[in-house]
Engineer: 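I am attaching a structure below and will ask some questions about it afterwards.
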2 protein chains.
Amino acid sequence: MNREDLLFSIRTLSRSLDAASFASFVRHTHPSDLAEALDVLPPEQALALLLTLAAPTRAELFVHLPEQRQDSMLRAMSREAVVQLFEHMPSDDRADLYNRLGEQDKHKLLPALAKVERDDILRLAAYAEGTVGSVTTSDYVHVSPQMTVAEALAHVRATAPDKETIYSLYVLDQEHRLSGTVSLRDLVLADAQASIGTIMRRDPVFARAHWTREQAAELIRHYDLLALPVTNGGERMIGIVTVDDAMDIEKEQDATQLARFGGTASLGAQDLDVLASPLRQMFKVRVFWLVILTFFGVVTSTFVAAQEELLTQVIVLAAFIAPIVDMGGNTGSQSATLVIRAMALGDLRLQWRDVGLIIKHELPVAAALGVAIAALEVVLAYFAKGVGFDVLMVVGLSMLVCTVLGGVIGALLPFLARRIGTDPATLSSPLITSVMDLLGVFIYFAFAYALLGDLLTQAAG
Amino acid sequence: MNREDLLFSIRTLSRSLDAASFASFVRHTHPSDLAEALDVLPPEQALALLLTLAAPTRAELFVHLPEQRQDSMLRAMSREAVVQLFEHMPSDDRADLYNRLGEQDKHKLLPALAKVERDDILRLAAYAEGTVGSVTTSDYVHVSPQMTVAEALAHVRATAPDKETIYSLYVLDQEHRLSGTVSLRDLVLADAQASIGTIMRRDPVFARAHWTREQAAELIRHYDLLALPVTNGGERMIGIVTVDDAMDIEKEQDATQLARFGGTASLGAQDLDVLASPLRQMFKVRVFWLVILTFFGVVTSTFVAAQEELLTQVIVLAAFIAPIVDMGGNTGSQSATLVIRAMALGDLRLQWRDVGLIIKHELPVAAALGVAIAALEVVLAYFAKGVGFDVLMVVGLSMLVCTVLGGVIGALLPFLARRIGTDPATLSSPLITSVMDLLGVFIYFAFAYALLGDLLTQAAG
């Protein structure tokens with residue numbers, strides 16, 4: 001069903017509130033699509049439709065709604081409906097929703113839940129946002145090494161409806177520590193009487209609950225896992241992170257990295273979201289960087305203004321400041337992002353060997369670019385402004401040096417950022433440009449004084 | 001086993017070439033880690049180790065090696081070893097490897113393979129790089145609607161060793177067209193005598209082989225799939241794309257998008273890779289953008305130079321050009337990346353409603369930023385250079401307008417890019433900055449003439 005049909009159906013259903021039709025519609029439509037369709041309805045109508053569903057189906061659909069919508073619907077639901085929701089939601093989404101409640105609502109909710117659910121929520125909700133624990137679900141299948149394959153399969157059949165995934169099973173010892181893993185594929189292919197302990201894979205890849213969720217996603221991607229077991233400080237297994245969550249985590253991380261590289265890195269606090277971040281936070285973070293860039297600009301412009309004498313003599317020098325110093329930032333922006341890309345794909349690590357490798361690759365390219373662009377600028381300067389040979393030399397040489405220096409410095413900055421423990425994208429394109437602007441004016445006027453300095457003495461004398 | 005132990009073991013094994021020890025080592029280590037470890041050995045040693053393995057294990061490890069290493073090893077292998085490799089490799093990696101062979105090698109290889117493999121390779125290798133077909137594997141499980149659950153499970157057990165995944169099964173009709181899907185979970189939980197036709201899910205999500213591979217990855221992420229079925233033009237199913245490949249595709253796409261935003265977008269050709277791209281291509285693509293930026297710079301500087309009269313009168317105006325026009329690009333870079341991020345996360349679509357939503361969010365922020373930064377620049381200009389009130393007004397007003405305009409234009413550019421069918425990141429940060437530089441000098445001198453123009457008439461008169 002395409003998008004228009006979906007939206008049309010949803011609007012019709014929201015007017016008729018026909019429970020049977022909606023339930024059938026839900027059965028035949030993917031939750032992601034349903035959630036998008038519900039988004040176009042006013043909140044009360046969407047909620048009314050949702051309440052016609054049986055509690056388990058309702059919970060499954062609910063977790064696909066955007067967080068803001070979940071929160072507003074929750075406030076409009078009866079206490080009984082809220083409790084039902086918490087009973088049927090997957091454990092990781094449930095813990096997230098719990099953490100978004102106000103303190104009073106939390107205290108009102110907990111006593112109404114069964115102990116098993118209450119303990120589960122409190123355990124998972126204890127992990128800070130951004131950690132592996134915060135994206136962990138406790139709905140996993142665990143078996144003991146002594147079980148036979150047949151017993152394990154029977155256990156899977158019995159518990160499957162409540163489990164996030166049954167394709168990875170986790171073998172735990174009596175202290176609930178992770179001994180190994182076994183896949184459903186292994187079970188299906190193994191001899192029914194073999195013991196789990198003999199067919200399981202030992203030394204499984206795992207993550208600790210306090211690690212970052214991005215680390216969990218990277219492990220899942222690197223090892224092609226469907227799910228990653230999570231242990232707490234005491235080596236006990238507390239849950240798993242599934243591959244679908246890993247894909248979402250990486251998508252958000254990479255999209256946010258791009259925004260950071262545009263100059264919006266949030267230091268410590270939550271990353272900016274153009275639609276969701278309150279105006280105050282959006283202003284605070286962005287003005288912080290713009291102020292830093294302003295100060296760079298002030299230093300640069302103060303320096304330029306101080307060259308008033310030379311500029312008065314050779315006024316046309318002023319016209320070339322921007323194009324030349326900009327080229328350093330442009331080239332640096334190119335090389336920095338190419339290096340960050342290679343780091344993200346695992347081709348570069350934080351080691352001197354890779355630094356040398358990068359310089360080896362970037363230096364010739366930057367040199368070639370520098371020669372080409374310098375030549376172009378000189379030609380254009382001659383034909384467009386008819387400037388003298390001395391000025392052409394200043395323009396050409398400083399353009400060359402700015403370009404080469406920009407390329408090499410840009411390529412090294414990501415290593416510097418990783419060395420001090422920050423995301424390379426925090427050294428944003430505007431920042432790289434501003435730094436190269438400052439270096440650029442030094443280089444430009446250095447050449448200007450070297451080649452045109454006699455004009456000053458002439459003027460003085 | 002940590003990285004140092006891994007490397008130590010590999011080096012020891014490469015000296016002893018003990019087949020049994022290496023085979024045992026391979027059994028206990030994940031292929032991704034093994035491939036990284038082999039990477040530190042010289043190619044001949046790595047190949048020698050590889051050749052001690054049985055053909056199936058060797059092929060499984062081979063596909064985890066970087067492509068360049070695969071190609072160099074292939075050239076050093078005997079024809080018999082190459083044929084064995086092609087017999088045991090997963091079908092998607094095999095087709096990729098085939099496509100990297102030279103024409104002569106392709107013609108020599110094909111006759112040596114069994115017909116089934118030959119046909120499979122030719123079918124998959126026919127898809128251009130970057131398409132869904134190029135990342136499709138034909139190693140999937142298919143069943144017919146008439147089968148019972150018990151028969152399907154028996155079929156899975158019989159064919160599983162050769163299949164990429166047995167967790168998603170595809171129900172095909174007699175024309176090999178996709179009727180529905182059934183998961184291994186569904187099979188395990190269903191009644192053994194039920195027919196596949198009754199328990200299968202209809203209208204499955206699928207991709208066509210000629211779509212882009214990024215579209216396939218997005219479908220997998222959006223619908224939380226473990227595998228996505230792929231059909232050809234005639235609706236026949238040709239294979240699947242698995243979730244682990246989808247994660248890799250998205251990682252590469254996002255990392256490359258960042259590099260494009262740094263100013264290295266490749267128009268039509270392959271994207272740049274800082275280590276792998278030949279110097280000629282690296283130069284070509286990067287110089288293309290730097291030349292475009294140079295021309296923007298030329299137009300901007302020509303315009304500035306033409307204001308020679310005013311600049312001679314109020315020389316200090318020259319010092320503020322860069323900081324003020326840069327702020328437009330800085331603010332635009334921020335807003336553009338925030339919008340691109342929201343688009344990547346699915347929060348914004350290409351519709352007027354979302355354009356309006358963004359302007360509604362960005363305008364107040366850009367205005368607040370403009371006022372703050374303009375005030376700061378005016379204060380700094382006063383204390384640092386002691387300029388007169390008129391110049392302060394020019395500085396303050398143009399800074400305000402540049403910032404607001406930069407923010408709004410930056411926020412709209414991604415929509416424009418999507419409208420003309422290109423990745424928003426192609427409008428790179430350097431490009432945004434250069435465009436805002438040009439607009440900025442117009443704005444700056446407009447205010448300058450408006451507020452200081454009388455100085456010119458005074459000078460003339």
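The chains referred to below are lettered A, B, ... by the order of the sequence lines, with proteins before strands, and numbering in each begins at 1.
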Engineer: Between Glu250(B), Met282(B), Arg27(B), which has the largest tally of heavy atom pairs under 4.5 Å with chain A?
Structural biologist: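 Among the listed options, the one with the most contacts to chain A is Glu250(B).
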
Engineer: Using heavy-atom distances under 4.5 Å, tell me whether Arg349(B) contacts chain A through its side chain, its backbone, both, or neither.
Structural biologist: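 Interface part for Arg349(B): side chain.
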
Engineer: Shorter than 4.5 Å, heavy atoms on both sides: which option in Val287(B), Val243(B), Leu290(B), Asp244(B) has the most such pairs with chain A?
Structural biologist: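 Greatest number of close heavy-atom pairs with chain A: Leu290(B).
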
Engineer: Pick one of side chain, backbone, both or neither for Leu348(B), based on which atoms fall under 4.5 Å of a heavy atom in chain A.
Structural biologist: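 Only the side chain of Leu348(B) comes within 4.5 Å of chain A.
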
Engineer: What part of Thr331(A) is in contact with chain B, defined as an atom under 4.5 angstrom from a non-hydrogen atom: side chain, backbone, both or neither?
Structural biologist: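 Thr331(A) touches chain B through backbone and side-chain heavy atoms alike.
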
Engineer: So what's closer than 4.5 Å to chain B heavy atoms on Thr165(A): side chain, backbone, both or neither?
Structural biologist: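 The backbone, not the side chain.
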
Engineer: List in chain and number order the residues that pass ring-ring contact (aromatic ring centres under 6.0 Å, His included) with His30(A), two or more places apart in sequence or in another chain; answer none if no residue qualifies.
Structural biologist: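 Partners of His30(A) by the ring-ring contact (aromatic ring centres under 6.0 Å, His included) criterion, ordered by chain and then number, come out as Tyr223(B).
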
Engineer: Can you check whether Pro323(A) reaches Phe295(B) side chain to side chain, under 4.5 Å on heavy atoms?
Structural biologist: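 Side-chain contact under 4.5 Å: no.
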
Engineer: Can you tell me which portion of Ile324(A) sits under 4.5 Å from chain B's heavy atoms? Options are side chain, backbone, both or neither.
Structural biologist: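 For Ile324(A), no heavy atom lies under 4.5 Å from chain B.
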
Engineer: Please state whether the side chain, the backbone, both or neither of Thr300(A) comes within less than 4.5 Å of a heavy atom of chain B.
Structural biologist: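 The answer is neither part of Thr300(A).
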
Engineer: What is the distance from atom CZ of Arg157(A) to atom CG of Leu189(B), rounded to the nearest 0.5 Å?
Structural biologist: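 Those atoms lie 8.0 Å apart.
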
Engineer: For Ala246(A), which atoms come within 4.5 Å of any heavy atom of chain B: side chain, backbone, both, or neither?
Structural biologist: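 It is both, since atoms from each part get that close.
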
Engineer: Quick one: side chains of residues 365-373 of chain B, donor-acceptor pairs under 3.5 Å with protein atoms, not counting sequence neighbours, listed by atom name and distance.
Structural biologist:
none

Engineer: Does any part of the side chain of Asp224(A), heavy atoms only, come nearer than 4.5 Å to the side chain of His64(B), both counted from C-beta?
Structural biologist: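 Contact flag for His64(B)/Asp224(A) side chains = yes.
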
Engineer: Please state whether the side chain, the backbone, both or neither of Thr256(A) comes within less than 4.5 Å of a heavy atom of chain B.
Structural biologist: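 Contact with chain B is through both the backbone and side chain of Thr256(A).
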
Engineer: Under a 4.5 Å heavy-atom cut-off, does chain B meet the side chain of Leu226(A), its backbone, both or neither?
Structural biologist: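 Leu226(A) touches chain B through side-chain heavy atoms alone.
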
Engineer: Can you tell which of Val441(B), Asp347(B), Asp273(B) has the highest number of heavy-atom pairs within less than 4.5 Å of chain A?
Structural biologist: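 Answer, by heavy-atom pair count under 4.5 Å with chain A: Asp273(B).
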
Engineer: Which atoms of Glu36(A) are under 4.5 Å from chain B, going by heavy atoms: the side chain, the backbone, both sets, or neither?
Structural biologist: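 Just the side chain, heavy atoms under 4.5 Å.
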
Engineer: Can any side-chain N or O of Gln334(A) pair as donor or acceptor with the backbone N or O of Gly262(B) at less than 3.5 Å?
Structural biologist: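 Judged by distance alone, no pair lies under 3.5 Å.
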
Engineer: Which bit of Leu376(A) comes within less than 4.5 Å of chain B, counting heavy atoms only: side chain, backbone, both or neither?
Structural biologist: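 Answer is side chain: those atoms of Leu376(A) sit under 4.5 Å from chain B.
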
Engineer: What are the two closest heavy atoms between His361(B) and Val274(A), and how far apart are they?
Structural biologist: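 The answer is ND1-O, 3.4 Å.
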
